[in-house]
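Since the model is a prediction, treat every value here as computed from it, not as a measurement.
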4 protein chains.
Amino acid sequence: MDKKTKIVQASIEVFKEKGIEKTKISDIVKKAEIAQGTFYLYFPSKLSVMPAIAEQIVLQLIKKVEANVALEAPLQEQLSQLVDAIFQVTGEFRDVTVLVYAGFSTTENMSEWETIYTPFYDLLASLLETNKSRHLIRETIDAARTAKLVLGLIETAAEQVYLYDAYDAQKEAEQKAELLTFLEHALRP
Amino acid sequence: MDKKTKIVQASIEVFKEKGIEKTKISDIVKKAEIAQGTFYLYFPSKLSVMPAIAEQIVLQLIKKVEANVALEAPLQEQLSQLVDAIFQVTGEFRDVTVLVYAGFSTTENMSEWETIYTPFYDLLASLLETNKSRHLIRETIDAARTAKLVLGLIETAAEQVYLYDAYDAQKEAEQKAELLTFLEHALRP
Amino acid sequence: MDKKTKIVQASIEVFKEKGIEKTKISDIVKKAEIAQGTFYLYFPSKLSVMPAIAEQIVLQLIKKVEANVALEAPLQEQLSQLVDAIFQVTGEFRDVTVLVYAGFSTTENMSEWETIYTPFYDLLASLLETNKSRHLIRETIDAARTAKLVLGLIETAAEQVYLYDAYDAQKEAEQKAELLTFLEHALRP
Amino acid sequence: MDKKTKIVQASIEVFKEKGIEKTKISDIVKKAEIAQGTFYLYFPSKLSVMPAIAEQIVLQLIKKVEANVALEAPLQEQLSQLVDAIFQVTGEFRDVTVLVYAGFSTTENMSEWETIYTPFYDLLASLLETNKSRHLIRETIDAARTAKLVLGLIETAAEQVYLYDAYDAQKEAEQKAELLTFLEHALRP
DNA sequence: AATGAATGAGAATTCATTCAT
DNA sequence: CATGAATGAATTCTCATTCAT
């Protein structure tokens, strides 16, 4: 693993443990097992690691969705697979998601988040588009806007499961079921 | 206004202006017009002000919703009023919301956020319950769970309008319209 | 108990617990159960409590010695009683002794310590003088100087028992025995 | 000279000048000619320098005694040389001794002082042992215990000369003479 | 490229002291 | 006399950043 990747991986872990505010560059380099000065060879600051982390998250999301959502399956199944995929990635990156998100809002270049998320938004939009042309979802739907709504809805639900509540498999199943019904009704013609 | 309230008010303002990372305690006390040491009489650190801020936000949400959502109105109108209320408060507190949210995920007890949000969740749940008993929304809905989904959905949509994009009134209207249709379909019988 | 006494008592306890350096006036007033401002009605600073504490120690020393050292007893017995008395008081005030001592050396008015200790030095000197006139101790002894030597010797021995070593009754007895033999030889004709 | 040594040396000097209470870390780093932050690379606090200082004092004591006390000389001469050595070092480190001592009693582990002093106690004990085998001192003496008594006695006497009284060479000589006689009688067969 | 000790500006924190009640 | 909230000057302490090796 090259040093840059080591830094990104270590940052994710440390941000998870301590949060952005309390994370020091010295924590990151310790975890990455590199020298203090080496960090600056790759990133100018703590926050500038964020985009790289965000890219990791988006990469995972795309990978999971492409691997698991069967476009030819019935809508209900597709949605279920989509929800599972997003829950999985959100669970894996736990609070990093919200931290990265907050990190961006701090750095003032919130639009960078948009840019990085674009490939995933596009994927979701095309997914909706396909279903629209197959008349499985409402025709009035604006695929691009709704993609964002859907993602926001699923991510928030996942966060509520993984962050807030003490984790409980039973609850997760119930929350997912409620979410799926909600989604289906929202989308179907 | 007592000193504690002054600190919370000043913190909100400074966090809005500078973000958490760049906010110094000296900024807060200056805005609050109190002495540096006085801060520590009420809060042990910058981050520990977060819960108090969260309470303010929830208070505003409740106030706005109670004032503007007419329970006897048709569902569509109620939802529209609800969305407007949440968009307004989210807009008012802009990035503070996400910062507070991120602050919590750091500050040990994410469950505190739940506790603070509970009154608002309850309000939304009872709103759904009323509509359920009037057969305006699906009978299969679990009011408590759905309340969280609805809030998550609306807040995320609002954040997408106020944080990401350079603000654009036209876009806001379109986003709201899409969101409302989405919501109506998700809830109605 | 009047407030001044309360302050002195509380100071002794807190100094014992935390040492002078780490003791805050707020610790003292908390222990004394008085208000912060009240302290300044009686003492201008933390260190100015020292003389009052020293006086307490000397008072105890004099009381113990006068009560327990029988002037008409044989030298060996007198010395044994003297050692017991000083060990007891040193034990009671543990490290406060050395802290007060250090406190004085800080305040630059080390001579105040001398002044406060004078009554006890005098008592020891007169004790030696009596024994000299009864030919129980060397005639070449300068009572005043030797009083200081004797006190220094016994106090140091006591401190070594009570401060350094994990306390051990067996060891204390042996240390006392060695000390007594040492003292007897040093003093006897 | 490495930075750690610089800090210890500077601390000794500043403690001598100002006492522990009034010494600021900024005074130490200024004297040591290092940056403020560098201090914290080696010591977590002002008081944690104490053990290192104590080691210096013990080192000096050992050096002086080994250089000046002639083991083959008559007892009286040996004791005189011992007293001179201890007086010299005590004088050199003046109030630092008592401050370090007080610092220890605060800093949790008084036993650390014992550990640091052990080499010097051992030296004194072996010195007594040699004289015992040459029948210059009492056979009943426990060398280890008596070493501590002797050191305590001499140090206290030295402190009384250097700390309490306004220094007076005449008095010093008289005090030393009285002390020597006292010691001789205490030790000799 | 990599290192990590050293730096020092700047922020956090403390706590003796005051003073209106 | 007594109180204790408020003060802010004085210190401690942190940590991003540099740079000689």
Side-chain angles (χ1 to χ4, degrees), chain A residues 2-4 6-7 14 18 21-30 32-49, chain B residues 2-4 6-7 14 18 20-30 32-49, chain C residues 2-4 6-7 14 18 21-30 32-49, chain D residues 2-4 6-7 18 21-30 32-49:
Chain A
D2 74 339
K3 308 247 182 221
K4 188 167 185 174
K6 268 189 179 174
I7 291 173
V14 184
K18 311 198 156 192
E21 187 87 0
K22 285 184 198 154
T23 294
K24 302 167 227 164
I25 290 186
S26 64
D27 297 324
I28 297 175
V29 300
K30 210 176 292 165
E33 293 178 313
I34 56 166
Q36 188 83 0
T38 306
F39 181 91
Y40 293 91
L41 258 29
Y42 297 94
F43 295 97
S45 76
K46 189 171 74 179
L47 291 176
S48 62
V49 188
Chain B
D2 73 342
K3 310 260 176 201
K4 189 167 183 173
K6 268 189 180 173
I7 292 172
V14 185
K18 311 196 156 191
I20 293 183
E21 193 94 359
K22 285 183 202 150
T23 295
K24 309 306 161 201
I25 290 184
S26 62
D27 298 324
I28 297 174
V29 300
K30 207 175 294 165
E33 293 179 311
I34 56 166
Q36 186 85 0
T38 306
F39 180 91
Y40 294 91
L41 249 36
Y42 297 94
F43 297 97
S45 73
K46 198 171 67 182
L47 291 177
S48 62
V49 187
Chain C
D2 74 340
K3 309 245 183 221
K4 187 166 185 175
K6 268 188 179 173
I7 292 172
V14 183
K18 310 198 155 192
E21 185 86 0
K22 286 184 198 154
T23 294
K24 302 168 226 163
I25 290 186
S26 64
D27 297 324
I28 297 175
V29 299
K30 209 174 293 166
E33 293 177 314
I34 57 167
Q36 188 83 358
T38 307
F39 181 91
Y40 294 90
L41 259 27
Y42 298 95
F43 296 96
S45 75
K46 189 172 75 181
L47 292 175
S48 63
V49 187
Chain D
D2 74 342
K3 310 259 177 200
K4 189 168 185 173
K6 268 188 180 173
I7 292 172
K18 311 197 156 191
E21 193 92 1
K22 284 182 202 151
T23 294
K24 308 305 162 203
I25 291 184
S26 61
D27 298 324
I28 297 175
V29 300
K30 207 176 295 167
E33 294 178 311
I34 56 166
Q36 187 84 0
T38 305
F39 180 91
Y40 294 91
L41 249 34
Y42 297 95
F43 297 97
S45 74
K46 198 171 67 181
L47 289 176
S48 64
V49 188

Looking at every strand, decide which applies to Y42(C) at a 4.0 Å heavy-atom threshold: base, sugar-phosphate, or nothing.
-> sugar-phosphate
Any chance you could measure [X], atom [atom1], to [Y], atom [atom2], to the nearest 0.5 Å?
| X | Y | atom1 | atom2 | result |
| --- | --- | --- | --- | --- |
| S48(A) | Y40(A) | OG | OH | 9.5 Å |
| K24(C) | K18(C) | NZ | NZ | 5.0 Å |
| Y42(B) | D2(B) | OH | CG | 6.5 Å |
| Q36(A) | I28(A) | CD | CD1 | 10.0 Å |

Note: E21(C) and K46(C) closest approach over all heavy atoms is O-NZ, 3.9 Å
What closest approach, in Å, do F39(C) and I34(C) show between heavy atoms, and which atom pair accounts for it?
-> N-CD1, 4.2 Å
Tell me, please, the opening and closing nucleotides of DNA chain F, 5' to 3', among those with an atom under 4.0 angstrom from a non-hydrogen atom of chain A.
-> dC15(F) to dT18(F)
Selection residues 33-45 of chain D - residue pairs positive for salt bridge (charged side-chain N to carboxylate O under 4.0 Å, His left out), sequence neighbours left out | none
Under 6.0 Å from the six-membered ring centre of F43(B) and within 45° of its axis: does the NZ or CZ of K4(B) meet both?
-> yes
Residues that K3(A) engages under salt bridge (Lys or Arg N to Asp or Glu O under 4.0 Å), provided they are two or more places apart = none
Who passes salt bridge (Lys or Arg N to Asp or Glu O under 4.0 Å) against K6(B), sequence neighbours left out?
-> none
Between Y40(D) and K46(A), whichever has its closest DNA chain F nucleotide further toward 5' is Y40(D)
Whole Å only: how far is the NZ atom of K18(C) from the P atom of dT14(E)?
-> 12 Å
Measure the distance from CZ on F39(B) to C1' on dT14(E) and round it to the nearest whole Å.
-> 15 Å
Show each protein N/O and nucleotides 7-11 of chain E N/O combination with a separation under 3.5 Å, one pair to a line.
unit_1: dT7(E); atom_1: OP2; unit_2: A35(D); atom_2: N; d: 3.2
unit_1: dT7(E); atom_1: OP2; unit_2: T38(D); atom_2: OG1; d: 2.5
unit_1: dG8(E); atom_1: N7; unit_2: G37(D); atom_2: N; d: 3.2

Strand DNA chain E in bracket notation, Watson-Crick/G-U under 3.5 Å with | for pairs to another chain | .||||||||||||||||||||
